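Let me begin by presenting the structure, written as structure tokens, before commenting on it.
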Amino acid sequence: MSREEIAIIGGGPAGLMAAEVLAEVGKRVTVYEAMPTFGRKFLLAGKSGLNITHSEDFAQFHTRFGIASERLQPALDSFTPAEVRAWAADLGTETFVGSSGRVFPTAMKASPLLRAWLRRLEAQGVRLMTRHRWIGFEGDRFFFETPNGRLSVEPDAALLALGGASWPRLGSDASWVPWLQAKGIEISPFRPANCGFDVAWSNLFRERFAGAPLKSVATTSPAGSFQGEFVVSGHGIEGSLVYAHSAALRDAVGKNGEAALVVDLAPGRSEERLARDLARQSSKASFANRLRKGASVDGVKAALLRELDPDASQLPPPQLARLIKALPIPLLRPRPIEEAISSAGGIAWREIDDRFMLKRMPGLFAAGEMLDWEAPTGGYLLTACFATGRAAARGVMEWLAAR
Ligand SMILES: Cc1cc2nc3c(=O)[nH]c(=O)nc-3n(C[C@H](O)[C@H](O)[C@H](O)COP(=O)(O)OP(=O)(O)OC[C@H]3O[C@@H](n4cnc5c(N)ncnc54)[C@H](O)[C@@H]3O)c2cc1C
């Protein structure tokens with residue numbers, strides 16, 4: 001009997017991981033990637049250090065995927081953060097746990113890992129095809145645009161790992177959505193995740209403070225309260241502390257047309273203590289001096305206070321303390337999906353069985369960010385892409401064996 005042919009479409013972390021699992025058991029695997037090189041988003045993630053997974057308690061880790069946690073759990077259980085680290089180490093990339101519990105390669109980049117990974121896949125016999133853009137179905141055949149013209153293939157099984165909809169210029173442009181919809185498959189609309197927000201800054205504030213970091217602040221939204229830093233941008237606000245709230249704030253803006261991120265500019269001091277410290281300042285001192293000496297609030301923090309409440313200087317100490325502890329930044333809208341770290345939305349879970357196979361299209365599997373889940377930054381995204389790639393590959397094996 002000839003070896004079964006498996007087509008994996010999309011050469012990011014999910015697709016490459018699926019290829020690895022299938023090649024390990026001797027399947028004939030071809031990875032078709034539209035771009036001239038593999039894993040472009042993975043490499044971009046490497047620019048900020050490649051937060052590959054997270055070391056927190058695994059029970060806590062499971063909860064990071066919101067309503068998709070339950071569907072993702074079996075895949076995550078089969079490729080735990082410890083296994084992610086062991087897998088990277090096996091490819092020559094040692095990792096370390098950062099102060100926040102996030103896990104990074106010691107080299108703080110993705111390129112050595114990706115190079116070693118592609119080398120190993122080739123050695124395992126995986127055919128790695130770049131510049132092969134999937135352009136849709138015709139019957140059971142998959143069509144590709146290639147430098148040598150159109151190619152059509154009819155594999156024994158196929159696995160889609162086409163990514164979400166953020167940063168489309170890196171390859172994941174969601175062009176596949178209408179082709180699956182035409183097959184009756186429900187796709188939840190893509191929305192930005194881990195994204196910044198637009199704020200109606202005055203021109204003066206924008207010109208002076210775009211790019212300025214707000215350090216050691218606490219922030220609150222319906223997602224909870226988190227401490228850290230974020231950045232004032234020309235459009236609004238950006239940065240990891242904002243991303244931690246972005247799903248909740250995006251949904252609140254979508255529902256109510258508005259939302260606010262509440263900032264505590266002096267997280268080290270209670271409101272009562274702050275009110276006392278502010279009350280001790282001379283009434284003859286300038287507002288800037290009262291803020292600096294009484295609350296250690298200066299620079300961009302003081303400017304933000306004035307920007308959002310032009311009458312702040314008139315407030316008596318107790319009210320001023322309250323404002324410093326809970327300053328709402330009104331948000332207009334999330335930044336466009338093209339700029340987001342990741343996307344929410346994708347193939348609806350009800351379309352996928354426990355093997356990650358599309359129920360309406362037996363023999364076609366899906367993995368990675370193109371499925372309808374989202375997670376905060378922290379290494380959760382890559383871990384779930386790896387884990388679903390592996391789970392879908394095992395699904396392919398099971399399905400082929402049962403045919
Ligand atoms: C700036 C940035 C920083 C990030 N940092 C981190 C981080 O530190 N930690 C973390 O966990 N996550 C991070 N992420 C998110 C993470 O990179 C993604 O979640 C992950 O790459 C998704 O993997 P995937 O395989 O599902 O899709 P992708 O990586 O998007 O890969 C999909 C592949 O499919 C190809 N493709 C698409 N359409 C077609 C087609 N029609 N035919 C053929 N091929 C096609 C694409 O070209 C692409 O190569 C970051 C993302 C960004 C943008």
Side-chain angles (χ1 to χ4, degrees), residues 7-19 30-54 61 64-65 81 84 95 98 100 102-105 108-110 113-114 128-137 142-146 151 153 158-180 190 192-196 238 240 243 337-344 346-347 356 366-371 373-390 392:
I8 294 180
I9 311 180
L16 295 178
M17 197 51 106
T30 307
V31 184
Y32 298 95
E33 166 57 50
M35 302 298 277
T37 53
F38 291 94
R40 291 197 166 194
K41 198 175 271 184
F42 186 63
L43 286 177
L44 183 71
K47 293 246 182 307
S48 46
L50 195 72
N51 180 194
I52 198 163
T53 191
H54 204 291
F61 188 97
R64 304 297 186 181
F65 303 87
V84 172
T95 52
S100 57
R102 295 173 181 222
V103 175
F104 300 90
M108 292 296 278
K109 53 184 177 180
L113 177 59
L114 182 61
L128 295 169
M129 314 298 281
T130 54
R131 295 189 159 93
H132 278 59
R133 177 177 299 279
W134 178 45
I135 50 170
F137 304 101
F142 292 78
F143 280 81
F144 294 88
E145 231 167 45
T146 82
L151 170 77
V153 299
L159 194 156
L160 302 177
L162 301 162
S166 80
W167 282 77
R169 64 197 159 94
L170 300 177
S172 44
D173 59 7
S175 55
W176 48 271
V177 169
W179 309 329
L180 292 189
F190 278 114
N194 295 303
C195 57
E238 280 289 342
S240 55
Y243 304 156
I337 199 163
E338 288 77 12
E339 294 176 15
I341 301 275
S342 58
S343 52
I347 301 176
F356 288 85
E369 213 184 301
M370 71 184 298
L371 301 176
W373 58 273
E374 65 175 317
T377 59
Y380 308 107
L381 298 163
L382 282 172
T383 303
C385 289
F386 293 143
T388 54
R390 295 182 79 87

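What you see is a predicted model, and the numbers here were worked out from it, not measured in a lab. Whatever order the structure lists ligands and atoms in, that order sets their numbers, starting from 1.
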Side chain to side chain contact (heavy atoms under 4.5 Å, CB included) assessment of His54 paired with Arg64: CA-CA 11 Å; His54 204 291; Arg64 304 297 186 181; 5.9 Å; no

Residue Met35 vicinity, atoms of ligand 1 by number, heavy atom under 4.0 Å: 47 (O)

Any side-chain heavy-atom pair of Arg133 and Tyr32 under 4.5 Å: no

Heavy-atom pair with the smallest gap, counting every atom of Ile52 and Leu382: O-CB, 3.9 Å

From the candidates Ala161, Gly171, Ala366, Gly10, the one that places a heavy atom nearest atom 32 (C) of ligand 1: Ala161

Any Trp176 heavy atom less than 4.0 Å from ligand 1: no

Met370 vs Trp176, side chain to side chain contact (heavy atoms under 4.5 Å, CB included): CA-CA, chis, key distance, verdict: CA-CA 10 Å; Met370 71 184 298; Trp176 48 271; 3.6 Å; yes

Nearest candidate to atom 31 (O) of ligand 1, where distance is taken over non-hydrogen atoms, out of Gly12, Ser342, Gly346: Gly12

Ligand 1 atoms in contact with Gly163 (distance to a heavy atom under 4.0 Å): 26 (O), 27 (O), 30 (O), 32 (C)

Ligand 1 contact on Trp134 by region, counting heavy-atom pairs under 4.0 Å: both

Closest to atom 10 (C) of ligand 1 (judged by heavy-atom distance), picking from Val103, Thr383, Leu382, Val31: Leu382

Proximal atoms of ligand 1 relative to Glu369 (non-hydrogen, under 4.0 Å): 18 (C), 19 (O), 20 (C), 22 (C), 26 (O)

Val103 and Val84: CA distance, side-chain angles, deciding distance, side chain to side chain contact (heavy atoms under 4.5 Å, CB included) verdict: CA-CA 10 Å; Val103 175; Val84 172; over 6 Å; no

Nearest-neighbour protein heavy atom for atom 43 (C) of ligand 1, which is reported as residue plus atom name and distance: Ala34 N, 3.2 Å

Check: Thr53/Thr383 side-chain N/O donor and acceptor closer than 3.5 Å: yes

Residues Phe42, Leu16; criterion side chain to side chain contact (heavy atoms under 4.5 Å, CB included); working and verdict: CA-CA 11 Å; Phe42 186 63; Leu16 295 178; over 6 Å; no

Close-contact set for ligand 1 against Leu381 heavy atoms, below 4.0 Å: 10 (C), 11 (O), 12 (N), 15 (C), 19 (O)

Atoms in ligand 1 with a heavy atom of Ser172 nearer than 4.0 Å: 30 (O), 46 (C)

Contact check: Leu44 vs ligand 1, nitrogen or oxygen atoms, below 3.5 angstrom: no

Atoms in ligand 1 with a heavy atom of Gly368 nearer than 4.0 Å: 26 (O)

Within reach of ligand 1, part of Pro13 (heavy-atom separation under 4.0 Å): both

Atom 17 (O) of ligand 1 [closest protein heavy-atom partner, distance rounded to 0.1 Å]: Lys41 CG, 3.7 Å

Proximity to ligand 1 by part of His132, non-hydrogen separation under 4.0 Å: backbone

For Glu369, the option from Ser172, Ser342, Ser343 that meets side-chain hydrogen bond (donor to acceptor under 3.5 Å, both in side chains): Ser343

Where ligand 1 meets Leu162 - atom numbers and elements under 4.0 angstrom, heavy-atom basis: 32 (C), 34 (O), 36 (N), 37 (C), 38 (N), 39 (C), 40 (C), 45 (C)

Heteroatom distance test (Trp179, ligand 1): nitrogen or oxygen, under 3.5 angstrom: no

Heteroatom distance test (Arg40, ligand 1): nitrogen or oxygen, under 3.5 angstrom: no

Heavy atom of the protein closest to atom 13 (C) of ligand 1 (residue, atom name, distance): Ala45 CB, 4.0 Å

Protein heavy atom at shortest distance from atom 47 (O) of ligand 1: Glu33 OE2, 2.5 Å

Note, Ser166 side chain near Lys41 side chain (heavy atom, < 4.5 Å): yes

Element-labelled atoms of ligand 1 that are located less than 4.0 Å from some non-hydrogen atom of Trp167: 53 (C)

Heavy-atom pair of closest approach, residues Glu33 and Gly12: OE1-N, 4.4 Å

Ile9 N/O under 3.5 Å from ligand 1 N/O: no

Distance-only N or O hit between ligand 1 and Ala14, under 3.5 Å: yes

Plane angle bin for Phe142 and Trp134 - parallel if under 30°, tilted between 30 and 60°, otherwise perpendicular: tilted

Which residue and heavy atom of the protein sit nearest atom 8 (O) of ligand 1, plus the separation: Asn51 N, 3.1 Å

Shortest protein heavy-atom distance from atom 2 (C) of ligand 1, along with the residue and atom involved: Ile341 CD1, 3.9 Å

